[in-house]
Amino acid sequence: MADKEKKTETWRNVGYLFQILKKSDLFVFCLMFFTLLFQAVLPLWQIYIPKRLLSLLISGVSSEKLFQNICFVGFITLLLQGCSTLTKRRYEAKISLVRTGIFRVMLIQKLFRMKYALFMEPATRELTARAWNTTWSNNYGVEGVMRRLMEMMAAFLTLLGFVGTLLMLHPLIPILLFLLAGIDRKLLHKKSEIQLKLRKENVDVGQRLDYINETMQDLSFGKEIRIMGMGKFLIGWHKSLMKEKKVLFERERTDCAPADYLQILLAVLREVLIYGYLIYAVWQKGVSVADFSLYFAAAMSFSGTLNRLITHYEAFSRDAACIEDIREMMALPEEEMTELTLNYEDFAGKPIIFREVSYRYPAAKQDAVSNFTYTFEAGKYYALVGENGSGKTTLIKLVCGLLEPDSGEILFGEVDGRKLSGWARYALFGMVFQDINLYAFTLGENTAMEEEYDPLQVHSALETAGLCVNTFPKGLNTILRRDFDPEGIDLSGGQRQCLAIARALCREGVMMTILDEPTAALDPIAEREIYNHLDRLLQRKSAIFISHRLASTRFCDEILVMQGGTLIEEGSHESLMALGGIYTQMFEAQSSFYREEGN
């Protein structure tokens with residue numbers, strides 16, 4: 001029953017793959033048909049050639065007619081061989097493009113549409129890695145299914161021709177060969193199960209090896225790895241993982257060895273039976289030399305073709321099982337992709353209201369944010385402070401829509417946040433992240449975060465944020481990073497911070513700008529310059545500052561103090577200092593360092 005369900009699932013996976021191809025590229029089916037046709041016919045023609053020529057020689061035809069037949073046979077062989085080679089090459093090139101241009105792009109698009117909270121879960125990341133692996137190789141996964149299916153069908157058609165030929169010799173010969181093939185298939189199936197079982201462990205080891213390789217090649221880790229002496233640790237970890245990989249390889253080889261030996265024994269038995277009966281037929285049944293050559297060629301080719309068919313089928317089943325990972329990944333919940341028709345001006349001047357909002361991360365024992373109720377008024381600057389793990393970052397993810405509350409609601413004016421599509425909601429915010437990524441694109445593209453942009457707007461945003469465009473060799477067209485361009489440049493920590501602020505300034509129609517440690521990498525003078533021009537930078541739009549440097553809170557209208565996911569204090573700097581609570585303790589603790597240094 002389990003085997004039957006597994007076969008059904010295999011063909012469901014193939015059907016899923018074909019449905020995508022049907023919508024994307026029908027020409028691949030046309031190429032598959034002609035490729036398998038020529039691949040199937042060519043071997044049958046090749047076993048017929050000796051019989052035809054020997055029959056002519058034995059019958060004593062003239063040399064002229066023999067020459068004509070040789071030319072005809074040569075022409076047909078050349079034509080079939082040429083068509084077979086050309087169609088196969090074209091088909092292989094096509095399915096390679098299908099793998100990279102359709103399925104890999106499909107998975108990339110899914111990653112962007114996937115719900116952020118789901119994407120953070122380890123199980124999802126593992127599933128994503130497995131699905132991605134199905135589009136990585138030209139001999140595995142998606143392309144493996146397409147390649148094996150064509151080869152399997154071609155081998156099947158060829159085998160039918162051989163069976164028809166051998167039936168003329170004796171009806172029991174094909175039956176006996178298929179019986180042996182059935183045993184061979186069971187052995188292959190056993191090996192395939194072993195390989196599939198070990199594949200999951202290989203994926204885990206492979207992911208960790210990829211992480212180490214990427215980390216050791218990442219320039220941002222280079223200084224720390226060298227100065228802190230982590231090279232030995234990373235190399236040791238790499239060696240340890242390679243040992244694990246070797247152990248898995250040895251396990252596969254050892255577990256598959258009995259099946260390998262039995263397969264060799266079956267192959268020898270099969271050859272002995274076929275050749276023994278052929279010799280008997282020539283001696284006792286008067287089989288002609290021409291017919292002998294036909295049966296001999298068919299018998300010799302039968303075993304190889306049958307083995308190929310079984311091998312292709314097992315590999316096809318294995319690769320088709322991997323398509324299940326793509327199906328599972330594509331079925332994961334995703335953000336609403338339909339952009340709602342929003343007039344962002346309607347949100348201008350409207351508050352953002354939290355009503356008893358709570359959120360708990362999967363497998364966590366307590367809420368990251370608990371019963372948070374607050375109204376962020378338009379045009380005000382807010383500081384969000386608290387110890388690490390107090391819920392600040394989670395609160396920001398909730399307001400942006402990266403996470404959805406377990407309970408409570410978030411209103412944008414009078415609009416429930418759940419009614420806004422993820423992408424429409426993201427557009428309401430300008431973000432300055434603490435960890436600032438540089439992309440291997442131009443300075444202008446890195447700022448606007450898109451290929452087409454208004455150069456004047458981007459130039460103005462960079463200058464306003466404190467990054468002088470004229471100091472760059474090619475201005476906005478200067479390539480950042482050296483991934484693809486040896487003349488690309490890197491940015492200092494302070495320059496990256498300015499770039500992040502400029503990115504936020506380029507966002508139009510935002511309700512609120514969120515700044516996560518916006519001046520952490522700036523020197524005190526540059527930091528003061530940013531805060532002194534805060535109104536000019538933000539144009540008095542709502543803003544939330546997340547910062548451990550509490551000096552920045554004095555520029556804010558309201559300060560929210562978080563602890564254990566709960567809002568415990570709120571008010572202006574002066575009112576909270578007068579309160580003498582947690583905020584006062586935090587502020588005094590930081591101020592004491594500066595007073596001690598001054599003394």
Side-chain angles (χ1 to χ4, degrees), residues 6-48 76-107 131-164 181 185 188 192 301-302 304-327 330:
K6 198 174 290 185
K7 288 178 184 177
T8 303
E9 199 61 34
T10 294
W11 289 106
R12 280 180 185 165
N13 290 338
V14 175
Y16 173 80
L17 187 148
F18 278 12
Q19 283 295 322
I20 294 172
L21 289 176
K22 185 179 177 182
K23 296 175 183 176
S24 308
D25 196 340
L26 283 171
F27 184 59
V28 70
F29 295 108
C30 182
L31 270 176
M32 176 189 283
F33 172 76
F34 283 106
T35 303
L36 72 88
L37 181 65
F38 288 118
Q39 291 285 314
V41 171
L42 182 60
L44 296 175
W45 170 255
Q46 288 172 334
I47 69 165
Y48 172 72
I76 297 299
T77 303
L78 185 63
L79 180 64
L80 289 174
Q81 187 69 61
C83 291
S84 176
T85 302
L86 289 174
T87 53
K88 186 177 181 181
R89 285 180 181 174
R90 183 70 186 276
Y91 179 70
E92 288 177 347
K94 186 66 175 177
I95 59 176
S96 182
L97 289 174
V98 163
R99 169 176 59 87
T100 56
I102 295 178
F103 286 90
R104 190 178 294 175
V105 169
M106 183 177 76
L107 294 180
W132 185 257
N133 282 342
T134 64
T135 67
W136 192 250
S137 170
N138 62 3
N139 204 36
Y140 174 78
V142 170
E143 192 169 342
V145 169
M146 299 297 295
R147 187 186 300 271
R148 292 322 188 308
L149 182 61
M150 182 279 294
E151 291 172 337
M152 185 175 69
M153 293 171 68
F156 177 73
L157 291 176
T158 302
L159 193 64
L160 285 180
F162 292 153
V163 168
R185 181 188 175 283
L188 278 170
S192 183
S301 301
F302 183 95
T305 304
L306 190 57
N307 280 335
R308 282 201 308 275
L309 177 60
I310 295 170
T311 302
H312 290 328
Y313 178 78
E314 291 298 330
F316 166 78
S317 299
R318 180 200 66 203
D319 290 335
C322 298
I323 303 300
E324 182 68 23
D325 293 328
I326 294 181
R327 288 178 63 188
M330 295 304 295

- Query: Is there a side-chain contact between L44 and T158, using heavy atoms and a 4.5 Å cut-off?
  - Reply: yes
- Message: Just so I know, are the side chains of W45 and L79 near enough to count as touching, which here means a heavy-atom distance under 4.5 Å?
- Response: no
- Query: Is the side chain of N138 donor-acceptor paired with the backbone N or O of S96 at a distance under 3.5 Å, no angle test?
  - Reply: no
- Message: I need the minimum non-hydrogen distance between C83 and T87, along with the two atoms involved.
- Response: O-OG1, 2.6 Å
- Query: Are there more than 12 heavy atoms of other residues, nucleotides or ligands under 6.0 Å from atom OH of Y16?
  - Reply: yes
- Compute the centroid of each ring, for W11 and then for F316, and state whether the two points are separated by less than 6.0 Å. yes
- Item | L21 and F103, any side-chain heavy atoms less than 4.5 Å apart | yes
- Query: How far apart are the closest heavy atoms of A40 and A154, and which atoms are they?
  - Reply: CB-O, 3.5 Å
- Heavy-atom side-chain contact between T305 and P43 under 4.5 Å: no
- Task: Work out which heavy atom in T10 is nearest to a heavy atom in S317; give both atom names and the distance.
- Result: CG2-CA, 4.3 Å
- Query: Looking at side-chain heavy atoms only, is the closest gap between M146 and V98 below 4.5 Å?
  - Reply: no
- Query: Tell me, do K88 and Q39 make a side-chain contact under 4.5 Å, heavy atoms counted?
  - Reply: yes
- Task: Please report the closest heavy-atom contact between S24 and I102, naming both atoms and the distance.
- Result: CB-CD1, 3.6 Å
- Nearest heavy-atom contact between S301 and I47 is OG-CG2, 4.0 Å
- Task: Using atom types as modelled and distance alone, determine if a side-chain donor or acceptor of R90 lies under 3.5 Å from a backbone N or O of L31.
- Result: no
- Item | Any V28 side-chain heavy atom under 4.5 Å of Y91 side chain | yes
- Other residues, nucleotides, ligands: >12 heavy atoms within 6.0 Å of F156 CZ: no
- Item | Exam field: side chain R104 to backbone R99, donor-acceptor pair closer than 3.5 Å | no
- Query: Less than 4.5 Å apart, any side-chain heavy atom of E143 and any of W136?
  - Reply: no
- Qualifying salt bridge (Lys or Arg N to Asp or Glu O under 4.0 Å) pairs with a residue from residues 24-46, counting only residues at least two apart or across chains: D25-K94
- For R89, all residues meeting side-chain contact (heavy atoms from CB on, under 4.5 Å), sequence neighbours excluded: T85
